[in-house]
Amino acid sequence: KHCASSGRAHDEIPPARRDIVSRYLLDGIRWTSRGIFNTPAGLDRAICRPGALALADFRQELEQWAGIVPPGEADAFRLFKQSQDNGGPAVTGFRVFPVGDMAAYATLDATLVLKLLSDRTLPTESFSGENLKGWPFIGNGDHYLIANGREYTGLPPVWNWERLPGLTTAAYPTTQVPTAFAGGVSNGESGVVAMDYRRARGGEVLELRKTWAFHDGLMVALLGGWNSSNNWGQITTSVEQCRLQGSVSHGSDGHVEHIAGRGAALGVQWAYHNGVGYIAFGGATLMLQVGPQSGTWRSLHRDASPEIVSEDVLSIAIEHSVRPSPAGYAIVMGRSLEELRQMAEAPPWQVLRNDRDCQAIGFPLDDLAMAAFYSPGATGGALPISVDQPCVATWTADSLWTADAAWHGQEVRIERAGDVFHVVLPPKGFGVQVE
């Protein structure tokens with residue numbers, strides 16, 4: 001109810017409670033949605049409910065809340081509402097949510113959200129007949145890119161759930177094993193996220209280390225530190241599984257080809273679809289599949305419709321050898337087809353390390369580097385640093401941000417270009433700017 005004396009509800013709502021709602025909208029929903037569309041990364045088992053991916057429409061609530069908060073705070077909510085009206089970004093930059101094991105990268109062209117799993121968060125569940133297919137896969141290092149909102153809306157019944165974007169799975173059924181090392185750090189515009197990734201089958205475990213670097217409209221992913229000594233059959237990392245929106249271009253060794261409607265391509269270096277590019281590197285190649293996929297909502301939710309639905313889908317994956325080698329892939333936003341082709345030939349990133357102890361990426365043109373240290377060590381490269389404790393870091397010649405992805409709360413010694421820093425890492429995985 002509004003206060004009779006002023007007509008403004010903020011006179012009645014205690015500031016501390018009002019701030020909870022404001023932070024939920026501005027520091028949460030604003031980052032993890034685009035327009036009125038949700039990302040699959042934040043819905044958990046609700047993803048199996050028809051229409052859930054188009055339920056981020058907060059326009060009425062934002063308009064109402066702009067009339068409740070103090071006048072100096074109202075503009076942020078009105079601008080957020082405008083972004084939902086026009087489908088554009090509500091915010092730009094890179095943000096890590098350490099307590100929720102999430103990260104979001106928002107650019108003018110698209111929003112990409114990544115969901116991790118650690119031993120501090122619960123895995124997804126199958127409850128009340130929901131999430132019948134998704135429980136071994138959702139929230140296990142999967143990532144989703146939204147530009148116009150049609151990428152994944154309505155697709156859950158037709159998905160190959162073992163091929164959710166970002167997952168690495170084997171030929172045999174596996175479940176995700178939570179680990180302590182999962183987190184990241186941001187400088188506001190760019191940053192890095194890493195995860196000690198494990199999937200299990202009985203007493204056997206498939207292990208690898210994953211690091212994702214976000215910068216200049218790119219997400220560059222490293223896959224390394226493999227431990228797959230047992231026979232896992234075909235090991236596959238999915239890069240994308242989205243609705244087909246137009247033709248798919250792909251290329252290798254200077255050749256450019258196109259897929260329209262349906263088709264497949266193996267061993268390609270890059271692919272381009274709906275304004276988004278995909279590049280494999282480090283010896284990896286992409287496998288493309290374009291065509292219809294079918295399923296039912298009831299296969300996901302026991303109370304949903306049994307009607308068969310079909311959608312045209314683009315699937316992009318990397319097939320690894322029986323004993324995988326270090327590799328990587330990049331998702332590229334805001335570039336033309338020609339710009340992507342040139343980027344595939346001359347990447348703006350440099351892999352500094354990609355092994356079990358450290359994964360590091362440099363962006364030489366911007367004098368920027370990022371790394372995940374799973375053990376004490378050094379990166380090499382033009383801007384080398386060394387650490388004496390596990391951590392994640394992003395740095396330039398005169399700036400440094402770091403965080404404790406494992407939440408140990410320890411002090412780390414960092415050396416960079418002769419400068420030595422002794423940093424007490426903040427609790428709960430939050431990042432700190434050292435200089």
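Only a predicted model underlies this, so the values are computations on that prediction, with no experimental measurement involved.
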- request: Could you pull out the closest heavy-atom pair between V113 and W31, with the gap in Å?
  value: CG2-O, 4.2 Å
task: Look only at the side chain of H408 and the backbone of Q410, and say whether a donor-acceptor pair between them is shorter than 3.5 Å.
output: no
- prompt: Does any N or O in the side chain of S33 come within less than 3.5 Å of the main-chain N or O of I36, such that one atom is a donor and the other an acceptor?
  reply: no
- prompt: Which pair of heavy atoms, one from L222 and one from Q359, lies closest together, and at what distance?
  reply: O-NE2, 3.5 Å
query: Side chain of E339, backbone of S336: donor and acceptor closer than 3.5 Å?
result: yes
message: Within a 6.0 Å radius of atom CH2 on W135, are there more than 12 heavy atoms belonging to other residues, nucleotides or ligands?
response: no
- request: Using a 4.5 Å cut-off on heavy atoms from C-beta on, say whether the side chain of L155 contacts that of R243.
  value: yes
query: In terms of side-chain geometry, is the basic nitrogen of E63 or R59 positioned less than 4.0 Å from the acidic oxygen of its partner?
result: no
Heavy-atom side-chain contact between L167 and D142 under 4.5 Å: yes
message: Apply side chain to side chain contact (heavy atoms under 4.5 Å, CB included) to residues R335 and L218 and explain how you reach the verdict.
response: CA-CA 10 Å; R335 266 72 165 190; L218 308 175; 4.2 Å; yes
- request: Walk me through it: do E207 and R356 pass the test salt bridge (Lys or Arg N to Asp or Glu O under 4.0 Å)?
  value: CA-CA 10 Å; E207 299 177 306; R356 193 156 183 82; 3.4 Å; yes
query: Thinking salt bridges, do E435 and R416 make one under a 4.0 Å N-O criterion?
result: yes
message: Can you tell whether the side chains of R17 and D19 come within less than 4.0 Å, N to carboxylate O?
response: no
- line: In short, R302 meets S128 closest at the heavy-atom pair NE-O, 3.9 Å
- prompt: Distance-only, no hydrogens or angles: does the Q176 side chain make a donor-acceptor pair with backbone N or O of P123 under 3.5 Å?
  reply: no
task: Output yes when a side-chain donor or acceptor of H273 lies under 3.5 Å from a complementary backbone atom of Q245, and no otherwise.
output: yes
task: Give the C-alpha distance, both sets of side-chain angles, the deciding distance and a yes or no for side chain to side chain contact (heavy atoms under 4.5 Å, CB included) between W226 and H320.
output: CA-CA 11 Å; W226 294 86; H320 304 280; 3.7 Å; yes
- prompt: For the residue pair Y278 and Y329, is the inter-centroid distance of their aromatic rings smaller than 6.0 Å?
  reply: no
- prompt: In Å, rounded to the nearest 0.5 Å, how long is the span from CZ of F214 to OG of S190?
  reply: 10.5 Å
task: Kindly indicate whether the side chain of L164, heavy atoms from C-beta on, has any atom under 4.5 Å from the side chain of S238.
output: no
message: side chain to side chain contact (heavy atoms under 4.5 Å, CB included), that's the test. Do E130 and I47 meet it? Break it down for me.
response: CA-CA 9 Å; E130 290 186 312; I47 195 175; over 6 Å; no
message: Do L145 and C242 have side chains that approach each other closer than 4.5 Å (heavy atoms only, starting at C-beta)?
response: no
Centroid separation W349 to F281 less than 6.0 Å: yes
message: I need the E162 CD to K133 NZ distance, nearest 0.5 Å.
response: 10.5 Å
field: Test item: side-chain donor near acceptor, N187 and T394, under 3.5 Å
entry: no
- request: Answer whether the closest heavy-atom distance between the side chains of L368 and H215 falls below 4.5 Å.
  value: yes
query: Does the side chain of I361 reach to within under 4.5 Å of the side chain of L352, using non-hydrogen atoms?
result: no
query: Atom CZ of F94 and atom CH2 of W212: how far apart are they, to the nearest 0.5 Å?
result: 10.5 Å
task: With rounding to the nearest 0.5 Å, note down the distance linking CD in Q234 to OG1 in T169.
output: 9.0 Å
- request: Compare every heavy atom of Q84 with every heavy atom of A56, then report the nearest pair and how far apart it is.
  value: O-NE2, 2.6 Å
- request: Would you confirm whether Q241, through its side chain, and N160, through its main-chain N or O, come within 3.5 Å as a donor-acceptor pair?
  value: yes
- prompt: Do T179 and D119 have side-chain heavy atoms sitting under 4.5 Å apart?
  reply: no
- prompt: Are the charged groups of K210 and D196 less than 4.0 angstrom apart, N to O?
  reply: no
- prompt: Any donor-acceptor pair under 3.5 Å linking the side chain of N131 with the backbone of F127?
  reply: no
query: Within the distance-only criterion (no hydrogens, no angle test), does the side chain of T32 pair as donor or acceptor with the backbone N or O of G28 below 3.5 angstrom?
result: yes
query: Passes side chain to side chain contact (heavy atoms under 4.5 Å, CB included), R95 versus Y105? Steps please.
result: CA-CA 7 Å; R95 181 157 190 164; Y105 185 43; over 6 Å; no
query: Is there a side-chain contact between H301 and L132, using heavy atoms and a 4.5 Å cut-off?
result: no
message: Tell me whether D388 contacts the main-chain N or O of R413 through its side chain, where contact means a donor paired with an acceptor under 3.5 Å.
response: yes
message: Using every non-hydrogen atom in the two residues, find where W401 and S399 come nearest and quote the distance to one decimal.
response: CZ3-OG, 3.1 Å
message: Are F181 and Y374, when compared by the centres of their aromatic rings, separated by less than 6.0 Å?
response: yes
- request: Determine the minimum heavy-atom distance between S375 and V387, stating which atoms define it.
  value: O-CG2, 4.5 Å
message: Under a 3.5 Å distance rule, please check whether W297 uses its side chain to pair with a backbone N or O of P157 as donor and acceptor.
response: no
message: Once rounded to the nearest 0.5 Å, what's the spacing between atom OG1 of T402 and atom CG of L425?
response: 5.0 Å
task: For salt bridge (Lys or Arg N to Asp or Glu O under 4.0 Å), just list the numbers for D355 and R209, CA-CA rounded to whole Å, side-chain angles, deciding distance to a tenth of an Å, and then say yes or no.
output: CA-CA 8 Å; D355 53 57; R209 302 282 164 79; over 6 Å; no
- request: Quick one: pull up CG in L116 and CG in D101 and give me the separation to the nearest 0.5 Å.
  value: 5.5 Å
task: Before giving the answer on side chain to side chain donor-acceptor pair (under 3.5 Å), spell out for T396 and D367 the whole-Å C-alpha distance, their side-chain angles and the decisive distance to 0.1 Å.
output: CA-CA 6 Å; T396 65; D367 294 323; over 6 Å; no
